Amino acid sequence: MKEDLQKYIINGGKKLNGEVEIDCSKNAYLPILAACIMCDGVVTLKNCPNFTDIDAMLKVLKVLGAKIEKDETTLYIDCKNIEFSFIPSDLTKIIRSSIFVLGALLARLKKAKISYPGGCDIGLRPIDLHLKGLRQLGVEVQEKHGYIYCDATNLKPNIITLDYPSVGATENLIMACVLTSGTTTILNAAQEPEIVDLQNFINKMGGKISGAGTSQITIEGVSCLKGVVYTPIPDRIIASTLLIACAMTGGELLLTGCEPKHFLSITDKLIKSSCKIVSNNDKIYIQSSGMLNSFGFLDTGPYPSFPTDVQTQMLAMATICSGNTVICENVFESRFKVVPELCKMGAKIKVFNNTAFVEGVKNLFGATVYARDLRGGASLVLAGLCAKGYTTVCDIFHIDRGYSKLEKTLTTLGADIHRVV
Ligand code: UD1
């Protein structure tokens, strides 16, 4: 099946019922894969999910000389023979996370050349904070002809204050310092759970990082990292997407192998919209009648604020909540690209600058709609699941970047959804 022609056909109106085990987090897995570059031994990573973004990151590692084997869902990554080589633009274009290899490459090889990163088309996504931080560590950075050249021969520990708690910049700067002797402190660091996971992974390999999960992270350099076996954390965005799906269609779901404390800002809103939620350790249960009240107001921000990666799914939900909802997107300027598509399905949404005003409607109706990015694509699937009639979601390759055969999971829960060319 040609990937870029695949679509979902959804016959809406089926309640979702059942149990799902949550995959490992894409946003934890990607920087952890980059961190393998710094390791002298073989890293074994468990429960590798089937996301195309992870395939792309594995290609980046292979270009750099990593040996990678896969046995069902376990990855064996050997970066012993990694060497200087530039990462071509056809790879950096498809995956923004290739920027994360920059810090790890500088730690290991002291030099790197990469082309400008790509990824989801949800806004400008500059990398100035990454480069500013690296310069403060003494890295010579030159940007010319579409490439970034870095020389870290004089990399030295420092105290760095980020102008904004960027997830990627925090992860990159942590990695850049892991193998440099002395103590580096990052202030105004991002506090996302995926950063804590990166810290835990690197520390298991022998690194000395503390403070992840707070705004101040300290990295004490070590001389080498050894191979380990590691399982990254579960995906809080997938868990949230499934909870919202069930809230919208009505039904009962039990999610297992997840971390409910990582998505409290989402469950708070679902409870406000009259869903019943019970969580216990690594499980969460939701029951919904499908008749939802507005959750009122939502604004996105760095963790622990509401995640931008779940904003469009909540937007889809707001369209069928009784009453008015206001959604403010503070992280990525183009996250409302999904609005015209939702409006084709009967949603009433008006956008002014970074704020969407939603007037709840009784029903959405099936239509042909286009995924423009990963999470916006997922929100169109949610809209299709509760719409009357048939919805065709085109360009679902965007969705495959961060959901592993979403149609399979939803089918086992009772949805009528098919992947077709
Ligand atoms: C990561 C996540 C992405 C999530 C985002 C915010 C991964 C692989 N991706 O992306 O799913 O939506 O965090 O939670 O983990 N910025 C700058 N200059 C920079 C870097 C960022 O201005 O150098 C801005 C961005 O344009 C954006 C904001 O900072 O407005 C947040 O970006 P950042 O936290 O860096 O997101 P990513 O790491 O790219």
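When a ligand or atom number is given, it counts from 1 through the structure's own listing order. The basis for the numbers below is simple: all heavy atoms, side chains too, and nothing from hydrogens, waters or symmetry mates. If you're wondering where the values come from, they're calculated on a predicted model, not measured in any experiment.
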Could you tell me whether some N/O pair between [X] and ligand 1 is separated by less than 3.5 angstrom?
X      : answer
Lys26  : no
Asp309 : yes
Leu30  : no

List every atom of ligand 1 that sits less than 4.0 Å from any heavy atom of [X], numbering the atoms from 1 in the order shown and giving each element.
X      : value
Ile127 : 19 (C), 23 (O)
Val167 : 1 (C), 13 (O), 33 (P), 34 (O), 35 (O), 38 (O)
Arg335 : 12 (O)
Tyr164 : 28 (C), 29 (O), 31 (C)
Gly168 : 35 (O), 38 (O)
Phe332 : 5 (C), 6 (C), 12 (O), 25 (C), 27 (C), 32 (O), 36 (O)
Phe100 : 8 (C)

Original post:
Charged N to carboxylate O under 4.0 angstrom, Glu143 versus Arg135?
Top reply: yes
**OP:** Indicate, as side chain, backbone, both or neither, the part of Val331 found under 4.0 angstrom from ligand 1 when only non-hydrogen atoms are considered.
**Re:**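 Answer for Val331: both.
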**OP:** Determine whether any heavy atom of His130 lies closer than 4.0 Å to an atom of ligand 1.
**Re:**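 Yes, that is the case, since the closest heavy atom of the residue is under 4.0 Å from the ligand.
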**OP:** Determine the sole option in Asp373, Thr312, Thr308 for which the side-chain hydrogen bond (donor to acceptor under 3.5 Å, both in side chains) test with Arg335 is passed.
**Re:** Thr308
Subject >> Within residues 210-234 or reaching into it, pairs that qualify as salt bridge (Lys or Arg N to Asp or Glu O under 4.0 Å) - sequence neighbours excluded >> reply: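 Non-adjacent pairs meeting salt bridge (Lys or Arg N to Asp or Glu O under 4.0 Å): zero.
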Subject >> For atom 35 (O) of ligand 1, the option (of Pro302, Pro165, Gly402, Ser166) bearing the nearest heavy atom >> reply: Ser166
Subject >> Partner residues of Glu19 under the side chain to side chain donor-acceptor pair (under 3.5 Å) criterion, sequence neighbours left out >> reply: none
Original post:
Just checking, Lys269 and Phe295: is the charged tip under 6.0 Å from the six-membered ring centre and within 45° of the axis?
Top reply: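 Negative - Lys269 is either too far from the ring of Phe295 or too far off its axis.
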